[in-house]
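Notes to accompany the following structure.
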Amino acid sequence: MAEDGQQELSHADRHDLDKLARWKADLASSGERGETGLPFCAIFLVGPEHRASHDIFRRYRSAFEELGGGFHNLVIFGQHGVSTTQAAFLDELGLRQDRVPVLAIARLSSGTDAVHCIELPKGDYDGELDDAQTWGVALKSLGGSVSEGTCPLLEGIGGVESGGFRSGPLGGTVDAVMAELG
């Protein structure tokens, strides 16, 4: 226990809470700056043992950078262990911990709470990642939507579960998670 009577945070919690605060600030400042960039955000909820999902995150990061995306467009929680931040986002999505690793793709516009969830491979992998899996098809669709100037429509892709955040659009959801964990 810490001297002030509060329980000391784990490394995973400290890391993810810090990342959540930086992500929230970047989401807010990108809107204030009027950045057009990518109209969506990818949220990876993984575990440290999910090496394949970590590599998929890196592919998304490279693709998003090529498309002009910033930190506010891509975030990963849980790579250092289960955290309260990861648990809060799973709760927002109506998912349990046994669904990890999962990728949630949400629009940045404040008018929609739509979120699309994609199951990611558990554990490690042998050889090359198969980008014909749902995560790869979704990435290609996201890139195509940017080049066409449209918002991504992932509903028609097999393996994508569409739903919404419990607390509404992404900005409100991040605020709710911050308030819950703060």
Side-chain angles (χ1 to χ4, degrees), residues 11-12 15-16 19-20 22-23 26-27 37-83 85-109 112-165 170 173-174 177:
H11 173 69
H15 184 269
D16 282 359
K19 188 181 301 177
L20 177 64
R22 288 183 292 128
W23 182 44
D26 199 58
L27 279 168
L38 305 180
F40 48 82
C41 177
I43 305 162
F44 282 76
L45 303 172
V46 302
E49 70 279 10
H50 301 130
R51 303 309 309 162
S53 295
H54 292 224
D55 285 349
I56 292 167
F57 170 81
R58 287 182 195 85
R59 288 199 185 179
Y60 269 73
R61 183 177 56 203
S62 294
F64 281 23
E65 286 172 355
E66 288 176 19
L67 294 168
F71 179 66
H72 62 282
N73 294 113
L74 182 69
V75 68
I76 185 170
F77 296 114
Q79 74 265 37
H80 297 289
V82 175
S83 71
T85 304
Q86 179 191 54
F89 273 100
L90 286 169
D91 187 50
E92 283 290 334
L93 294 165
L95 301 175
R96 296 184 327 240
Q97 187 66 38
D98 64 358
R99 291 290 303 273
V100 170
V102 66
L103 164 60
I105 299 172
R107 293 184 179 160
L108 290 176
S109 66
T112 180
D113 67 346
V115 62
H116 308 287
C117 292
I118 299 167
E119 185 177 327
L120 295 172
K122 293 187 182 301
D124 213 340
Y125 61 99
D126 294 324
E128 289 293 313
L129 288 170
D130 182 3
D131 62 1
Q133 292 180 335
T134 305
W135 64 265
V137 175
L139 180 57
K140 185 175 180 176
S141 178
L142 292 171
S145 70
V146 170
S147 65
E148 295 168 9
T150 62
C151 280
L153 299 174
L154 302 178
E155 291 88 354
I157 298 174
V160 173
E161 293 179 38
S162 298
F165 288 115
L170 182 63
T173 296
V174 173
V177 168

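- Minimum interatomic distance between Leu170 and Trp23 (heavy atoms only, all atoms of both residues): CD1-CH2, 4.0 Å.
- To the nearest 0.5 Å, atoms CG (Leu74) and CG (Asp26) are separated by 11.5 Å.
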Exercise. What do the steps show when you test Ile157 against Ser141 for side-chain contact (heavy atoms from CB on, under 4.5 Å), and what is the final call?
Worked result: CA-CA 9 Å; Ile157 298 174; Ser141 178; 4.0 Å; yes
Return a table of donor-acceptor pairs under 3.5 angstrom between the side chains of residues 129-139 and protein atoms on other chains or two or more places apart.
unit_1: Asp130; atom_1: OD1; unit_2: Ala132; atom_2: N; d: 2.9
unit_1: Gln133; atom_1: OE1; unit_2: Trp135; atom_2: NE1; d: 3.0
unit_1: Thr134; atom_1: OG1; unit_2: Gly158; atom_2: O; d: 3.1

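- How far SG of Cys41 is from CG of Leu27: 6.0 Å, rounded to the nearest 0.5 Å.
- For Glu119, the salt bridge (Lys or Arg N to Asp or Glu O under 4.0 Å) criterion is met by no residue, not counting sequence neighbours.
- To the nearest 0.5 Å, atoms CG (Leu95) and CG (Leu90) are separated by 6.0 Å.
- For the atom pair Asp16 CG and Thr85 OG1, the distance stands at 5.0 Å (nearest 0.5 Å).
- For residues 57-71, the pairs satisfying salt bridge (Lys or Arg N to Asp or Glu O under 4.0 Å) are Asp55-Arg58, Arg59-Glu128, with sequence neighbours left out.
- The distance from the CZ atom of Phe77 to the CG atom of Leu20 is 5.0 Å, given to the nearest 0.5 Å.
- Between Leu142 and Tyr60 there is a side-chain heavy-atom pair separated by less than 4.5 Å.
- Lys122 contributes no side-chain N or O that, together with a main-chain N or O of Ser53, makes up a donor-acceptor pair within less than 3.5 Å.
- When every heavy atom of Leu38 is checked against every heavy atom of Leu108, the shortest pair comes out as O-CD1, 3.3 Å.
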Using residues 42-52 as the side-chain source, report each donor-acceptor pair under 3.5 Å to any protein atom, sequence neighbours left out, with the distance given to one decimal.
unit_1: His50; atom_1: ND1; unit_2: Gly47; atom_2: N; d: 2.9
unit_1: Arg51; atom_1: NH1; unit_2: His54; atom_2: ND1; d: 3.4

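- Inter-residue side-chain proximity for Leu154 and Ile105 is flagged as met; some heavy-atom pair is nearer than 4.5 Å.
- In terms of modelled atom types and a separation under 3.5 Å, the side chain of Lys19 and the main chain of Ile76 share a donor-acceptor contact.
- With sequence neighbours excluded, the residues that form a side-chain contact (heavy atoms from CB on, under 4.5 Å) with Ala12 are Ser10, His80, Ser83.
- Checked against the 6.0 Å centroid threshold, Phe40 and Phe64 count as a close aromatic pair.
- Here Glu92 pairs with Arg166, Ser167 under the side chain to side chain donor-acceptor pair (under 3.5 Å) rule; sequence neighbours left out.
- Nearest heavy-atom pair across Gln86 and Val82 is OE1-CA, 3.5 Å.
- Here the CG atom belonging to Asn73 is positioned 9.5 Å from the CG atom belonging to Leu67, to the nearest 0.5 angstrom.
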